[in-house]
Protein chains: 2
Amino acid sequence: MADIKFVRADIGPTGSEPSSEAAPGHLRWDIIELLFFAYRDFVGDADHVLEAFGFGRAHHRVMHFVHRYPGLTVADLLDVLRITKQSLGRVLKQLLDEGYIVQRAGDHDRRQRLLFATAKGEALVAKLAGLQTDRITRALRGFSASDAEAVARFLRAMIDRDDPDKVLEQLLDHNHSAAKD
Amino acid sequence: MADIKFVRADIGPTGSEPSSEAAPGHLRWDIIELLFFAYRDFVGDADHVLEAFGFGRAHHRVMHFVHRYPGLTVADLLDVLRITKQSLGRVLKQLLDEGYIVQRAGDHDRRQRLLFATAKGEALVAKLAGLQTDRITRALRGFSASDAEAVARFLRAMIDRDDPDKVLEQLLDHNHSAAKD
DNA sequence: TAGATACGTCAACATGGCTGACATAAAATT
DNA sequence: AATTTTATGTCAGCCATGTTGACGTATCTA
């Protein structure tokens, strides 16, 4: 084991002028690092399971949103994920070929491919969401209703509002009333 | 614009038994998705700036922890980032070559390379942290002290406790007392 | 002195982003 | 009816960043 003892630095910026901090010199190092570690472990839960299926995080994201928003079009999925159709194409093709997702031509517009999770796909998503839910539930254990509500309110407020895609719109709307349960 | 109307699915798992949910059938889709979008936009702030410097997220992570924990060794950095030394080597070499980081032999153990951010490096980190702090400060606007504390408590509780690296230990300790300010 | 450790590096490979180009079917417009 | 636009798929190749395995050197430890 290394036995060096490093110290936390709370020194301010040295050279340039940080563009527009709310409270100058008061950078939220605490929350910044907590977000990093919390998200790292949060997605880590799913990573192990995905590996066993031969999938990656990209597959998880696709499966998640297709499951949650049945009938999602490819274009809408591209909006949510903010990747190119070539990148999406690769993982989507695998999920289709292996029977985790099926597609159907749109009712009004037959060019569209509406995406649906199969039972197999839903089982995978539920397994992954179960792990992540466990972590969230543990983290919220002992929280009062108003504390838990504050957490959801914080996360909502962290999200960009300009140019929300359709999925995001629904999420933000829905959460207004249903954050507590 | 596509005018399809997809609906949110609140159906449960179909095939297999999700391993160990706390409250069966009660998956926290809301928090799961909020975390996804919040983190996406949170790291997105930095991405634009980094691009202008010819750097990526990997460089940001290295710069951040070197700045925050001056004298960090390579081994400790590997622990925090959970990547291989080969992956780290690539980005670290660039940051050293371009003068964002300097290294010094360890005092007690001269095999170690203690890492330090230069003024140039600190300026970059401060710029990026400024953007992310802006977002956090906006998100916490109007929060009571106890609400803000609940957010930090939630994030801390989301982090794995088993086998914490040295950086994480310090963060969790420090936050006990200093989460409010 | 022998072995373990901290670090650096070479080579090869995988994943998942990206751009650019092009094809097809179906809708929309003229 | 002819044309153009849109939704999707796909080929080819590049880049960033992760991986494994092997090996070398300096330095610390037993």
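Numbered from 1 within each chain, the chains take letters A, B, ... in sequence-line order.
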Once the angle between the rings of A:Tyr39 and A:Phe42 is folded into 0 to 90°, is it parallel (under 30°), tilted (30 to 60°) or perpendicular (over 60°)?
-> tilted
Report the relative orientation of the aromatic rings in A:Phe55 and A:Tyr100; use parallel for angles under 30°, tilted for 30 to 60°, perpendicular for over 60°.
->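 The arrangement is perpendicular - the two ring planes meet at more than 60°.
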Would you tell me if any nitrogen or oxygen in the side chain of A:Ser87 comes within less than 4.0 Å of OP1 or OP2 on C:dC18?
->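 Affirmative; the distance criterion is met.
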Does B:Gln112 have a side-chain nitrogen or oxygen under 4.0 Å from the phosphate oxygens OP1 or OP2 of C:dG8?
-> no
Treating [X] as the side-chain partner and [Y] as the backbone partner, does any N or O pair qualify as donor plus acceptor under 3.5 Å?
X: A:Arg110; Y: A:Ala105; result: no
X: B:Arg135; Y: A:Met158; result: yes
X: A:Arg161; Y: A:Ile159; result: yes
X: A:Lys85; Y: A:Val74; result: no
X: A:Asp160; Y: B:Asp41; result: no

Rounding to an integer number of Å, can you tell me how far [X] [atom1] sits from [N] [atom2]?
X: A:Leu88; N: C:dT19; atom1: CG; atom2: P; value: 14 Å
X: B:Ile101; N: C:dG8; atom1: CD1; atom2: P; value: 12 Å
X: A:Gln94; N: D:dT10; atom1: CD; atom2: P; value: 13 Å
X: A:Leu77; N: D:dT8; atom1: CG; atom2: C1'; value: 13 Å
X: B:Arg40; N: C:dG17; atom1: CZ; atom2: C1'; value: 15 Å
X: B:Lys166; N: C:dA6; atom1: NZ; atom2: C1'; value: 13 Å
X: B:Arg104; N: C:dA6; atom1: CZ; atom2: C1'; value: 17 Å
X: A:Asp79; N: D:dT6; atom1: CG; atom2: P; value: 15 Å

Is the cationic atom of B:Arg153 (NZ for Lys, CZ for Arg) positioned less than 6.0 Å from the six-membered ring centroid of A:Phe143 and within 45 degrees of its normal?
->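 Relative to the ring axis of A:Phe143, which defines the angle, B:Arg153 lies inside both limits.
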Readout for nucleotides 20-30 of chain C: B = base within 4.0 Å of protein heavy atom, S = sugar-phosphate only, - = neither; 5' to 3' it is BB----BS---
A:Glu51 near the nucleic acid: base, sugar-phosphate alone, or nothing, with a heavy-atom cut-off under 4.0 Å?
-> nothing
Between A:Lys93 and A:Arg90, just flag the one whose closest nucleotide in DNA chain D comes earlier from the 5' side.
->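 In this pair, the answer is A:Lys93.
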After noting the C-alpha distance and the side-chain angles of B:Asp79 and B:Lys166, does the key distance pass the side-chain contact (heavy atoms from CB on, under 4.5 Å) rule?
-> CA-CA 8 Å; B:Asp79 270 358; B:Lys166 290 163 63 179; over 6 Å; no
Contact residues, residues 56-66 of chain B to DNA chain C [heavy atom, < 4.0 Å] =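 Contacting residues: none.
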